[in-house]
Enquirer: 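Sharing a structure with you now.
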Amino acid sequence: MSRQYITTAIDYPNAAPHMGHVLEKVLADTVARWFRLRGDEVRFQIGTDEHGVKIQRTAEAEGLTPKELVDRNVPLYQDLYKRLNISYDKFIRTSDQKEHWPTVIELWKKLDKAGKLNKRNYTGLYCSGCERFMTKKDLEEGKCVNHKKEPEEVTEENYFFDLSADGENLKNLLTKDWDGEEYRMVPQFRENEILSLVDQGLEDVSFSRPKSSLEWGIGVPGDDDHTMYVWCDALTNYISGLGFFTDKEDRSWWDKPTKVTHIIGKDIARFHALIWPAMLRHSGVRIPDKLLIHGFLTSEGEKMSKSIGNVVIPDEVLEKFKGNPDPLRFYLSHEIPVDRDGDFSWDRIVKIYDSKLRNDLGNLLNRVLVLIDKEGGKLGDVGKSSDLMCDGWKAYEDSLNNFQLDNGLGLAMNITSKCNQYIDEKKPWGLEGDEKVAVLSELAEALRHIALMLLPFVPKTSERMLVQLGLKVPQTLEGKTEWGSEKDWKKVGEPEILFEPLE
RNA sequence: CGCGGGGUGGAGCAGUCCGGUAGCUCGCGAGGCUCAUAACCUCGAGGUCGCAGGUUCGAAUCCUGCCCCCGCAACCA
């Protein structure tokens, strides 16, 4: 038994949540549920990153204050995640002045005290139309894409975090260790990406903005003219949720032997791999253990974008399946390997729903239960083992422990397929007495294992399967994974359609 | 020469590390079954494994060169 602290990136609520947000939460939730099932103690935190110019600007455009905007949008996220059955323990909001701010301010002070924050001038290309600095991406032939005019060179004062000094240390941290601390990335190929960045030379990172250009955020302690920029504010959510540096501090979910895993998208891997550990190191907090980095979702084969008009709204998907989150959860887990980009396609999710969930799984459960029902719902001895288990629990556990979730789910579905073959081969409907009961009991037992294996992925479906089978939903898998481990299991419950046909 | 990922039957993917008859799912065609949600099972058609060289008895798999697609390139999950 070990302790696990799992976090996702915090979402930026300047608009309604989209499928990318969902992908990450479902992934993290599946991992969290798996850890709990295997017997770990788990704390699972998600949240929202609510400051910054973009929120400030969106609010202005909608005639709201930034606070009104986030207070309106954040519940959309919380509500969606509830409906997706995301089993988070804590939702942290960076606008929360009681929970989040004190930790951030203390962290800033610690970094300052360590001599890591220095005020200096920053010069960049500023577009007066956009009222912000431009990046290369915002420019086309040297002109702002939105305003078609050349930005001007503007100099402003920023606090900078001294990241450039830690190139070697960070490289060691990611490959070997930094003063005994290790930090690993899954998948490993991301490591090469980050290391090559380090090799290109790290620059110091801007940690603040003048209040005149960014007001919506946390003020720099002791300097009324500056507002903290995203790094010190947002990344810190992982420890502010634990009350770090306050009288509510709970380090038992951070310090060893607890294992800390950040689950994030590939776009922010560099910040989590470089800035965050450096910040922690220089404020005397231990560095996390693992970064689990997922890919992005395209929609119908193309990058999601408002101009193409292929942005998928999670609510529409939930609605398609009458509010049941499991078809979507199943799709994301089954079709998209954790470390790679994936595609969301309406056509495909419908096919997966019909063939895998409804036909293979739902129909199997139903035909087995109906046959048992006709025999009075009684179960017999299931023997010591069965060929129905395919690769068995070991392969499943290995897959999940290595975050190969699609693989683990595939193993459960293999058993389903095997059962369908078996029932056709044995034709229990043509058998009598003990022989009939034996075949059906074996199938029921296999279905029990399938339901358990599906628990991290599609918890509601698993629970319904277990109830129909006449079993309780277990908290952990301890003592449940042996063939025939339910000694007192003599009778099944009522058969019920697991997945209705779509209209 | 910025960095990374990928190119395998109509579609989506596995196999590539540790060379040895090319596999899975969906779709398609034929047959079977009738317990079940018009579901299930079996068989079949369909691929010169991006291109070109090389190593080898043998290459999707190793080496070299090239082409194409996608993402990232400091604040878009």
Side-chain angles (χ1 to χ4, degrees), chain A residues 8-12 14-15 17-25 27 49 52-54 132-133 135-138 163 187 189-197 199-200 202-203 205-206 209 229-231 234-235 263-271 274-275 293-298 301-306 334-337 339-343 345 347-348 350-352 354-374 406-407 410 413-414 416-417 419-431 436 439-440 443 495-501:
Chain A
T8 64
I10 48 178
D11 302 321
Y12 200 70
N14 65 327
H18 57 68
M19 287 298 287
H21 297 114
V22 172
L23 175 73
E24 180 170 286
K25 271 59 190 185
L27 161 62
D49 166 22
V53 177
K54 213 158 164 181
R132 66 184 181 92
F133 286 98
T135 62
K136 265 185 266 172
K137 209 171 187 173
D138 300 315
L163 186 68
F189 68 78
R190 295 281 172 211
E191 203 174 279
N192 303 334
E193 245 174 272
I194 301 297
L195 290 176
S196 75
L197 264 179
D199 285 337
Q200 287 163 41
L202 293 177
E203 285 176 28
V205 187
S206 168
R209 287 295 134 90
Y229 192 53
V230 62
W231 309 124
L235 289 166
I263 298 178
I264 58 166
K266 62 181 183 177
D267 58 323
I268 51 175
R270 61 185 56 194
F271 315 125
L274 302 172
I275 301 176
I293 302 162
H294 62 80
F296 277 11
L297 263 189
T298 53
E302 288 187 277
K303 189 170 173 169
M304 268 192 223
S305 97
K306 282 181 186 156
H334 192 262
E335 296 300 294
I336 301 166
D339 55 355
R340 288 243 288 263
D341 290 345
D343 186 50
S345 141
D347 188 47
R348 205 160 162 75
V350 168
K351 277 193 177 127
I352 292 287
D354 277 333
S355 68
K356 295 285 169 190
L357 292 177
R358 204 161 69 81
N359 299 349
D360 286 355
L361 182 66
N363 182 49
L364 171 70
L365 179 72
N366 197 238
R367 64 201 299 211
V368 170
L369 287 178
V370 167
L371 282 165
I372 295 175
D373 215 34
K374 286 177 182 167
D406 57 324
N407 202 20
M413 295 312 287
N414 285 347
T416 305
S417 174
C419 287
N420 273 318
Q421 286 167 30
Y422 187 70
I423 196 170
D424 244 64
E425 181 194 319
K426 292 288 182 183
K427 305 192 192 324
W429 50 89
L431 299 174
K436 182 172 188 177
V439 170
L440 293 174
L443 285 160
E496 198 184 298
I497 298 294
L498 204 52
F499 296 101
E500 297 283 350

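So that the names make sense, note that chain A is the first sequence line, chain B the second, and so on, each numbered from 1. Computed over heavy atoms, backbone and side chain alike; hydrogens, waters and symmetry mates excluded.
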Enquirer: Between P on B:G71 and CZ on A:R270, what's the gap in Å once rounded to a whole number?
Expert: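 Rounded to the whole Å, the gap is 16 Å.
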Enquirer: So if I define the base as every atom that isn't primed, P, OP1 or OP2, how would nucleotides 24-35 of chain B read as a B/S/- string at a heavy-atom cutoff under 4.0 Å?
Expert: -SS-----BSSB
Enquirer: Enter the distance from A:L202:CG to A:L163:CG here, rounded to the nearest 0.5 Å.
Expert: 5.0 Å
Enquirer: Supply the atom-to-atom distance A:K356 NZ to A:E335 CD, rounded to the nearest 0.5 angstrom.
Expert: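 It comes to 8.5 Å.
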Enquirer: What distance, rounded to whole Å, do you find between the two C1' atoms, one in B:A77 and one in B:A30?
Expert: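 Roughly 47 Å separates the two C1' atoms.
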Enquirer: Provide, to the nearest angstrom, the distance between the CG atom belonging to A:L364 and the P atom belonging to B:A39.
Expert: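 Rounding to the nearest Å, CG of A:L364 and P of B:A39 are 16 Å apart.
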Enquirer: What distance do A:L23 atom CG and A:T8 atom OG1 have between them, rounded to the nearest 0.5 Å?
Expert: 11.5 Å
Enquirer: For B:U55 and B:C72, measure between their C1' atoms and round to the nearest Å.
Expert: 36 Å
Enquirer: If you assign A:D354 and A:P337 each to the RNA chain B nucleotide with the nearest heavy atom, which residue ends up on the more 5' nucleotide?
Expert: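 Nearer the 5' end of the strand: A:P337.
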Enquirer: Does a side-chain N-to-carboxylate-O contact under 4.0 Å join A:D424 and A:R367?
Expert: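 Salt bridge present between A:D424 and A:R367.
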Enquirer: Rounding to an integer number of angstrom, what distance separates B:C33 and B:C41 when you compare their P atoms?
Expert: 16 Å
Enquirer: Between A:R358 (CZ) and B:U37 (P), how many Å, whole number?
Expert: 11 Å
Enquirer: Taking atom CG of A:D347 and atom CD1 of A:I352, what is their separation to the nearest 0.5 Å?
Expert: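 Here the interatomic distance stands at 10.5 Å.
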Enquirer: Between A:D406 (side chain) and A:I336 (backbone), is there a donor-acceptor pair under 3.5 Å?
Expert: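 The answer is no, because no donor-acceptor pair under 3.5 Å joins these two groups.
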Enquirer: In the strands shown, is B:A11 matched to any nucleotide by a Watson-Crick or G-U wobble pair with both distances under 3.5 Å, and which?
Expert: B:U25
Enquirer: Report the distance from atom CZ of A:F271 to atom P of B:A77, rounded to the nearest whole Å.
Expert: 12 Å
Enquirer: Considering only the P atoms, how many Å lie between B:C62 and B:G71, rounded to the nearest integer?
Expert: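 Looking at atom P only, B:C62 and B:G71 are 27 Å apart.
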Enquirer: I'd like the C1' distance from B:U8 over to B:U25, given in whole Å.
Expert: 15 Å
Enquirer: Between CG of A:N366 and CG of A:L498, what distance do you get to the nearest 0.5 Å?
Expert: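 Result: 9.0 Å between the selected atoms.
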Enquirer: With a 3.5 angstrom cut-off on both distances, give the Watson-Crick or G-U wobble partner of B:U34, or none if there isn't one.
Expert: none
Enquirer: Rounded off to whole Å, could you give me the CD-to-P distance for the A:E191 and B:C72 pair?
Expert: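 Nearest whole value for this atom pair: 22 Å.
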Enquirer: Rounding to an integer number of Å, can you tell me how far A:I264 CD1 sits from B:C76 C1'?
Expert: 15 Å
Enquirer: For B:G23 versus B:C49, give the span between their P atoms, rounded off to a whole number of Å.
Expert: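 Nearest-Å result for B:G23 against B:C49 at atom P: 14 Å.
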Enquirer: Between A:D341 (side chain) and A:F296 (backbone), is there a donor-acceptor pair under 3.5 Å?
Expert: yes
Enquirer: Distances under 3.5 Å only, N/O to N/O: pair up the protein atoms with those of nucleotides 1-9 of chain B.
Expert:
unit_1 : atom_1 : unit_2 : atom_2 : d
B:C3   : O2'    : A:S196 : OG     : 3.4
B:G4   : O2'    : A:E193 : OE1    : 3.0

Enquirer: Can you confirm whether the side chains of A:T298 and A:D343 place a donor and an acceptor under 3.5 Å from each other?
Expert: yes
Enquirer: Return the nucleotide paired to B:C72: Watson-Crick means purine N1 to pyrimidine N3 with N6-O4 or O6-N4, wobble means G-U with N1-O2 and O6-N3, both under 3.5 Å.
Expert: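 Its partner is B:G2 (Watson-Crick or G-U wobble, both distances under 3.5 Å).
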Enquirer: Just how far is it from atom CG of A:D360 to atom CZ of A:F499, taken to the nearest 0.5 Å?
Expert: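 A:D360 CG to A:F499 CZ: 11.5 Å, rounded to 0.5 Å.
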Enquirer: State plainly whether the residues A:D339 and A:K266 are in salt-bridge range, i.e. N to O under 4.0 Å.
Expert: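 No, no charged N to carboxylate O under 4.0 Å.
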Enquirer: Checking all strands, does A:L297 fall into the base, sugar-phosphate, or nothing category for heavy-atom contacts under 4.0 angstrom?
Expert: base
Enquirer: Using the C1' atom in both, what is the distance from B:G9 to B:G19, to the nearest Å?
Expert: 23 Å
Enquirer: Name the nucleic acid region contacted by A:I275, choosing base, sugar-phosphate or nothing; use a 4.0 angstrom heavy-atom cut-off, strictly under.
Expert: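 No contact at all - A:I275 keeps every heavy atom at 4.0 Å or more from the nucleic acid.
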Enquirer: What's the CG-P distance between A:L163 and B:A74, to the nearest Å?
Expert: 15 Å
Enquirer: Is there a donor and acceptor pair, one atom on the side chain of A:N363 and one on the base of B:A39, closer than 3.5 Å?
Expert: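 Per atom types, no contact qualifies.
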Enquirer: Rounded to the nearest Å, what distance is computed from the OH atom of residue A:Y12 to the P atom of nucleotide B:A77?
Expert: 9 Å
Enquirer: Expressed in whole Å, how much space separates the P atoms belonging to B:G20 and B:C63?
Expert: 15 Å
